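Below: the structure, in structure tokens.
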Amino acid sequence: VDAFCKEGQPSEAEHVFEMTAQKGAEPNVVTYNSIIDGYFLHNRVDAAAKLFGLMIERNYAPNVVTYNALINGYCKSKQIHKAWLLYQEMLGKGLIPDVVTHTTLIGGFCLVGNFHAAEQLFDKMHAYGQPPDVQSYATMLDGLCKAKQVDKAIAVFQQMENHQLEPSIVIYNILINGLCNAGKLEPARELFKGLSAKKVEPGVVTFNTLINGLCNEGHISEAFTLFNEMEGRGCVPNSGTYNVLVRGFLRNGDKLSVEQLLREMNQKGLAAD
RNA sequence: GACUGAACUCCUC
């Protein structure tokens, strides 16, 4: 059922649902959760809400995962108010929101630009007995960066290390991007250089992020050097890499380099945007 | 045991 839901084939999922029901197998909460999440994945918010109502009608008690899926659906569709109501509802039922619940809500608040509410919730997580994990930090840091509060993001990042959490490459990508967007190239470079010492390997996104930042600030040749280092560090440039670089060279009026890069893209079967 | 969150970069919406 879950597989069909994720693939966007609700009728097939229903089919399986009925077949097993005919054989006397009762659906359980997980069955419902899978379908609810599947609806949200395909933007069928109303269908998800309806099924949630139906499951309660049929006396299947929603659990934390059910609520998390619903809250996520509403957050992703920017209906943070409905998400918050569900959060209150689960509290009222004595269900204990977990890290997923809180992280989802933090992301939801950030998505609608309510960074303050996001931060408040993030700060309360320790008190709620659900300390933020690496994913929570990623969500919060990205939110702070998007709110142009890079300095605060760096401070929160440092807290992370105090809590014995190992920052993942995603965390670094977020910070490097935030620093670049704030025009703080030097700290971004330093974070990047320090990766190997932290035993974290940069990925394609890491390179793309920094290359983009360098291009935006007019450091094309440095960007190009970085680009040339990618393969040696196990990263294959993708179309995003090339597009960012091409744009940089275009701004510089460097037609020769642009042509060279476009040829390379062609050879590799990558699409120019 | 199966179902839920971050995931960031470029482009598009």
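Please read these numbers as outputs of a predicted model, since none were measured by experiment. We use all heavy atoms of the structure for the numbers below, so side chains are in, but hydrogens, waters and symmetry mates are not. Per chain, numbering begins at 1; letters A, B, ... match sequence-line order.
- Taking atom NE2 of residue A:H102 and atom P of nucleotide B:G5, one finds them 17 Å apart after rounding to whole Å.
- Not one side-chain nitrogen or oxygen of A:K76 sits closer than 4.0 Å to the OP1 or OP2 atom of B:U4.
- Scanning for side-chain contact (heavy atoms from CB on, under 4.5 Å) contacts around A:V258 gives A:V246, A:F249, A:L250, A:L262, with sequence neighbours left out.
- In this structure, A:K193 does not pair ionically with A:E190, as no charged nitrogen and carboxylate oxygen lie closer than 4.0 Å.
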Cut-off 3.5 Å, no hydrogens considered: what does the side-chain donor-acceptor table look like for residues 27-34 of chain A, sequence neighbours left out?
unit_1, atom_1, unit_2, atom_2, d
A:N28, OD1, A:V30, N, 3.0
A:N28, OD1, A:T31, N, 3.1
A:N28, OD1, A:T31, OG1, 3.0
A:T31, OG1, A:N28, N, 3.0
A:T31, OG1, A:N28, O, 3.3
A:Y32, OH, A:R58, NH1, 2.8
A:N33, OD1, A:T66, OG1, 2.6
A:N33, ND2, A:N63, OD1, 3.3
A:S34, OG, A:V30, O, 2.9

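- Atom CD1 in A:I106 sits roughly 11 Å away from atom P in B:A7 (whole-Å rounding).
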May I have the list of side-chain donor-acceptor pairs in residues 35-52 of chain A shorter than 3.5 Å, sequence neighbours left out?
unit_1, atom_1, unit_2, atom_2, d
A:H42, ND1, A:G38, O, 3.1
A:H42, NE2, A:G8, N, 3.4

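- Donor-acceptor pairing under 3.5 Å, judged by distance alone, is absent between the side chain of A:T104 and the base of B:G5.
- Note: CE (A:M90) to P (B:U4) measures 15 Å, nearest angstrom.
- What separates CD1 of A:I80 from P of B:G5 is a distance of 15 Å, to the nearest Å.
- Rounded to whole Å, the distance from CG on A:L70 to C1' on B:C3 is 12 Å.
- The CD1 atom of A:I71 sits 16 Å away from the C1' atom of B:A6 (whole-angstrom rounding).
- On a pure distance criterion of 3.5 Å, no polar donor-acceptor pair joins the side chain of A:D98 and the base of B:G5.
- Put simply, CZ on A:F4 is 16 Å from C1' on B:A2, counting in whole angstrom units.
- Look at CG on A:L175: it is 13 Å from C1' on B:A7, rounded to the nearest Å.
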Original post:
Which letter, B, S or -, goes with each nucleotide of nucleotides 8-13 of chain B from 5' to 3', with contact meaning a protein heavy atom under 4.0 Å?
Top reply: BBBS--
Quick one: side chains of residues 226-241 of chain A, donor-acceptor pairs under 3.5 Å with protein atoms, not counting sequence neighbours, listed by atom name and distance.
unit_1, atom_1, unit_2, atom_2, d
A:N228, ND2, A:F224, O, 3.2
A:N238, OD1, A:N208, ND2, 3.2
A:N238, OD1, A:G240, N, 3.1
A:N238, OD1, A:T241, N, 3.1
A:N238, OD1, A:T241, OG1, 2.9
A:T241, OG1, A:N208, OD1, 2.7
A:T241, OG1, A:N238, N, 2.9
A:T241, OG1, A:N238, O, 3.3

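- For a distance-only test at 3.5 Å, the side chain of A:N28 qualifies as a donor-acceptor partner of the base of B:A2.
- Residue contacts shown for A:N216 are absent, as no nucleic acid heavy atom lies under 4.0 Å away.
- Under the 30°/60° scheme for interplanar angles, the aromatic rings of A:H163 and A:Y137 are found to be tilted.
- Here A:F4 pairs with A:Q9, A:E12, A:A13, A:V16 under the side-chain contact (heavy atoms from CB on, under 4.5 Å) rule; sequence neighbours left out.
- If you check every strand for non-hydrogen atoms under 4.0 Å, A:V99 touches a base.
- In this structure, A:N72 reaches the B:G5 phosphate: one of its side-chain N or O atoms is under 4.0 Å from OP1 or OP2.
- Taking only side-chain atoms of A:V30, from C-beta outward, the nucleotide of B:G5, B:U4, B:C3 with the closest atom is B:C3.
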